[in-house]
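Just below is one structure, and these are the notes that go with it.
Here, residue 1 is the first one in the sequence, and each next residue gets the next number. Note that ligands are numbered from 1 as they come in the structure, with each ligand's atoms numbered from 1 the same way.
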Amino acid sequence: MPVGPLTLAGIERAARAQLPAEIWDFIEGGSEGERTLAGNREMFDHYALRPRTLVDVSACSTGTTLLGAELGLPVGIAPMAYHRLVHPDGETATARAAGRAGALLVAGIFASRTLEAIAAESAGPLWLQLYWLRRRDALAALVERAEAAGFAALVLTVDAPRIGRRLRDLRNGFAVPSEIRAVNLDPGLTAATHRAGAGASGIAEHALEQFDPTLTWADLAWLRERTDLPLVLKGILTAEDARLAAEHGVDAVVVSNHGGRQLDGALPALAALPEVAAALPPELPLLLDGGVRTGTDIAVALALGARAVLVGRPVLWGLATGGADGVADVLGLLRTELEHTLALLGRPSPADLDRTALAPWPVHGPRAGQRGP
Ligand SMILES: Cc1cc2nc3c(=O)[nH]c(=O)nc-3n(C[C@H](O)[C@H](O)[C@H](O)COP(=O)(O)O)c2cc1C
Ligand SMILES: CC(C)CC(=O)C(=O)O
């Protein structure tokens, strides 16, 4: 019997081999020189783990709680547009796998399956990500639908007043194929997404047309007035903004640079985590996304103050290669790796992780063999 991929990197290779080049570029790419995209991964190399011994690790748990919900592992699926780009089932398959694993799913405002269909497949906590659309009526309607469908929190993405210059998409003249739609929005609202043009990105043109770049802290009250759902801000990278988020009463914060797809040269997510953690009240849940690819990465992020991590691209690799089962493989590998890391580190549960689990990585240069089979 052939052995399947033993790391997310193996699933990545399989996905790359089967996806059309321009879809691969849209998923995998970052903005401009892709320095922040690379930095997200490289930053994990700056930490070593400090294992403790003679600790009973016969029963390790990967479970945690987040905004009152139980998670089987401290992992959520980052909001990503158009899952149907890589698999005909799209977000409903992702939701099935998340439920099986006890992971959080953050569905995107540009989901290619309806909120109701996603909720019907979902067995675990489900949040909805929003962009600040000029058409506030469309946003208000989505909030109402999300509440009715049982979504448990809203995530407002704040790092995208416009779309970063993603050179791969510009070169490819990338547009979302017309049969794959952001079905939760009026077709008129997303038409530009489907218009290809040499040297242009349909995604970027659409955002210029529809995203409202006047969004400021004062506007959060508009969302608050419309819903009792917890409000999460995604895309915070500084202590200053973390303090403002807390002052404005948000319920959680996601440290993120949008997977290196927005401001190139922005801090790697893991580099921003300590200052954001220090600036927030300890009871306010903090999440991180960007470059999380192994159980060790999860342990490092948790030790630096994250309650949970979100994982983006690997979920689309899994979805591309095996639908719901492929996403389950990705989440299953992360759980296996995290559980091993906790046991060998002598910290039997996520709650046991803190800064004392970490030291600076003492040698310079790239890690040998990290990618694995
Ligand atoms: C294909 C793709 C689509 C994305 N779409 C969205 C989106 O609609 N809204 C959003 O807030 N973030 C979006 N993101 C960013 C992710 O939520 C997340 O911040 C990032 O992918 C995390 O980094 P990782 O891919 O290295 O795990 C997208 C990312 C990718 C790769
Ligand atoms: C449709 C896009 C605006 C989705 C997004 O945020 C991204 O591609 O990073």
Side-chain angles (χ1 to χ4, degrees), residues 8 12 15 19 22-31 34 36-44 75-86 90-91 94 104-112 127-133 154-166 168-169 174-176 180-182 184-185 189-190 192-194 201-211 232-237 254-263 266 268-270 272 287-294 297-298 301 309-320 330 334:
L8 268 50
E12 177 179 18
L19 285 172
E22 65 169 26
I23 300 227
W24 177 257
D25 276 345
F26 168 63
I27 291 169
E28 219 54 17
S31 56
E34 300 191 340
T36 295
L37 173 64
N40 278 348
R41 285 293 307 127
E42 285 160 11
M43 198 59 213
F44 285 95
V75 171
I77 295 175
M80 288 178 291
Y82 306 110
H83 288 204
R84 290 191 60 232
L85 278 174
V86 302
E91 288 81 359
T94 314
L104 163 73
L105 170 60
V106 188
I109 186 171
F110 298 120
S112 49
W127 298 358
L128 177 65
Q129 174 266 333
L130 301 173
Y131 283 115
W132 196 249
L133 301 179
L154 298 176
V155 179
L156 181 65
T157 299
V158 294
D159 57 13
R162 63 174 76 171
I163 292 298
R165 292 192 74 236
R166 302 173 186 173
R168 304 192 205 203
D169 294 346
F174 180 68
V176 176
I180 296 166
R181 288 200 38 245
N184 295 295
L185 293 167
L189 268 176
T190 52
T193 306
H194 305 288
S201 148
I203 297 274
E205 297 296 319
H206 162 254
L208 268 183
E209 191 182 289
Q210 301 293 342
F211 290 15
V232 182
L233 292 189
K234 172 173 179 280
I236 299 292
L237 287 173
V254 185
V255 169
S256 170
N257 52 39
H258 212 110
R261 295 160 77 82
Q262 287 299 104
L263 175 65
L270 195 73
L287 293 90
L288 167 131
D289 75 25
V292 175
R293 300 292 180 265
T294 66
D297 296 342
I298 299 171
V309 298
L310 301 180
V311 176
R313 295 173 180 89
V315 169
L316 296 181
W317 306 335
L319 189 61
V330 166
L334 287 174

Would you call R41 and D297 a salt bridge, using N to O less than 4.0 angstrom? yes
Kindly say whether R84 contributes a backbone atom to a donor-acceptor pair with the side chain of S112 at under 3.5 angstrom? yes
Measure P79 to ligand 1 on non-hydrogen atoms and call it side chain, backbone, both or neither using the 4.0 Å cut-off. both
Interfacing atoms of ligand 2 (cut-off 4.0 Å, heavy-atom, I203): 1 (C), 2 (C), 3 (C)
For M80, which part has a heavy atom under 4.0 Å from ligand 2: side chain, backbone, both, or neither? neither
List ligand 1 atoms under 4.0 Å from G291, heavy atoms only on the residue side. 24 (P), 26 (O), 27 (O)
If you look at every heavy atom in I163 and A207, which pair is closest and at what distance? CG1-CB, 3.3 Å
Give yes or no for whether the N/O distance cutoff of 3.5 Å, strictly under, is met between P314 and ligand 1. no
Within reach of ligand 1, part of Y131 (heavy-atom separation under 4.0 Å): side chain
So if I count the atoms of ligand 2 from 1 in the order they appear, which ones are less than 4.0 Å from some heavy atom of F26? 8 (O)
Do NZ/NE/NH1/NH2 and the carboxylate oxygens of E34 and R168 come within less than 4.0 Å? yes
Among all the protein's non-hydrogen atoms, which is closest to atom 1 (C) of ligand 1, and how far away is it? R261 NH2, 3.5 Å
Which residue and non-hydrogen atom of the protein lie closest to atom 11 (O) of ligand 1, and at what distance in Å? T157 OG1, 2.7 Å
Identify, by atom number and element, the atoms of ligand 2 in contact range of F110, meaning under 4.0 Å from any of its heavy atoms. 1 (C)
G108 near ligand 1, heavy-atom distance under 4.0 Å? no
Relative to the heavy atoms of S256, which atoms of ligand 1 are at a distance of less than 4.0 Å? 19 (O)
Counting heavy atoms only, which part of E28 comes closer than 4.0 Å to ligand 1: side chain, backbone, both or neither? neither
of all protein heavy atoms, closest to atom 21 (O) of ligand 1 is G312 CA, 3.9 Å
Has I27 got any heavy atom lying under 4.0 angstrom from an atom of ligand 1? yes
What are the two closest non-hydrogen atoms of A301 and V309, and how far apart are they? CB-CG1, 3.7 Å
Minimal non-hydrogen separation, D289 against A78, with atom names: OD2-CB, 4.1 Å
Of all the non-hydrogen atoms in the protein, which one sits nearest to atom 15 (C) of ligand 1, and at what distance? H258 CD2, 3.5 Å
Short list, please: which atoms of ligand 1 are under 4.0 Å from a heavy atom of Q129? 7 (C), 8 (O), 9 (N), 10 (C), 11 (O)
Take L133 and I109, measure what side chain to side chain contact (heavy atoms under 4.5 Å, CB included) needs, and give me the verdict at the end. CA-CA 10 Å; L133 301 179; I109 186 171; 3.9 Å; yes
Please say which of L8, V75, I77 ends up in a side chain to side chain contact (heavy atoms under 4.5 Å, CB included) with V330. L8
With side chain to side chain contact (heavy atoms under 4.5 Å, CB included) as the test, would you mind laying out the steps for V292 and I298 before giving the verdict? CA-CA 7 Å; V292 175; I298 299 171; 3.7 Å; yes
Closest approach of any protein heavy atom to atom 5 (N) of ligand 1, naming residue and atom: A81 N, 3.2 Å
Proximal atoms of ligand 2 relative to A81 (non-hydrogen, under 4.0 Å): 1 (C), 4 (C)
Trace of the side chain to side chain contact (heavy atoms under 4.5 Å, CB included) decision for L316 with F26: CA-CA 11 Å; L316 296 181; F26 168 63; over 6 Å; no
Which residue and non-hydrogen atom of the protein lie closest to atom 3 (C) of ligand 2, and at what distance in Å? I163 CD1, 3.5 Å
Mode of T193 contact toward ligand 2 - side chain, backbone, both, neither (heavy atoms, under 4.0 Å): neither
Between T190 and T193 (side chain of the first, backbone of the second, donor and acceptor by atom type, cut-off under 3.5 Å), is there such a pair? no
Looking only at heavy atoms, the pair that brings A111 and E91 closest together is CA-OE2, 3.3 Å
Among protein heavy atoms, which lies nearest atom 19 (O) of ligand 1, and at what distance? D289 OD2, 2.8 Å
Do R165 and Q262 pair up side chain to side chain, a donor and an acceptor below 3.5 Å, judged on atom types alone? no
Starting from atom 6 (O) of ligand 2, locate the nearest protein heavy atom and write down its residue, its atom name and how far away it is, to 0.1 Å. Y131 OH, 2.3 Å
For ligand 1, indicate whether the residue M80 contacts it via side chain, backbone, both or neither (heavy-atom separation under 4.0 Å). both
If every non-hydrogen atom of V315 is compared with every non-hydrogen atom of M80, which pair is closest and at what distance? CB-CE, 4.1 Å
Pair Y131 and H206, ring centroids less than 6.0 Å apart: no
Closest non-hydrogen protein atom to atom 12 (N) of ligand 1, residue and atom name please, with distance? K234 NZ, 3.0 Å
With heavy atoms under 4.0 Å as the rule, classify the contact between R293 and ligand 1 as side chain, backbone, both or neither. side chain
Show the nearest heavy-atom pair for residues L37 and G30, with the distance to one decimal. CD2-N, 3.8 Å
Applying a heavy-atom cut-off of 4.0 Å, say which part of R166 lies close to ligand 2: side chain, backbone, both or neither. side chain
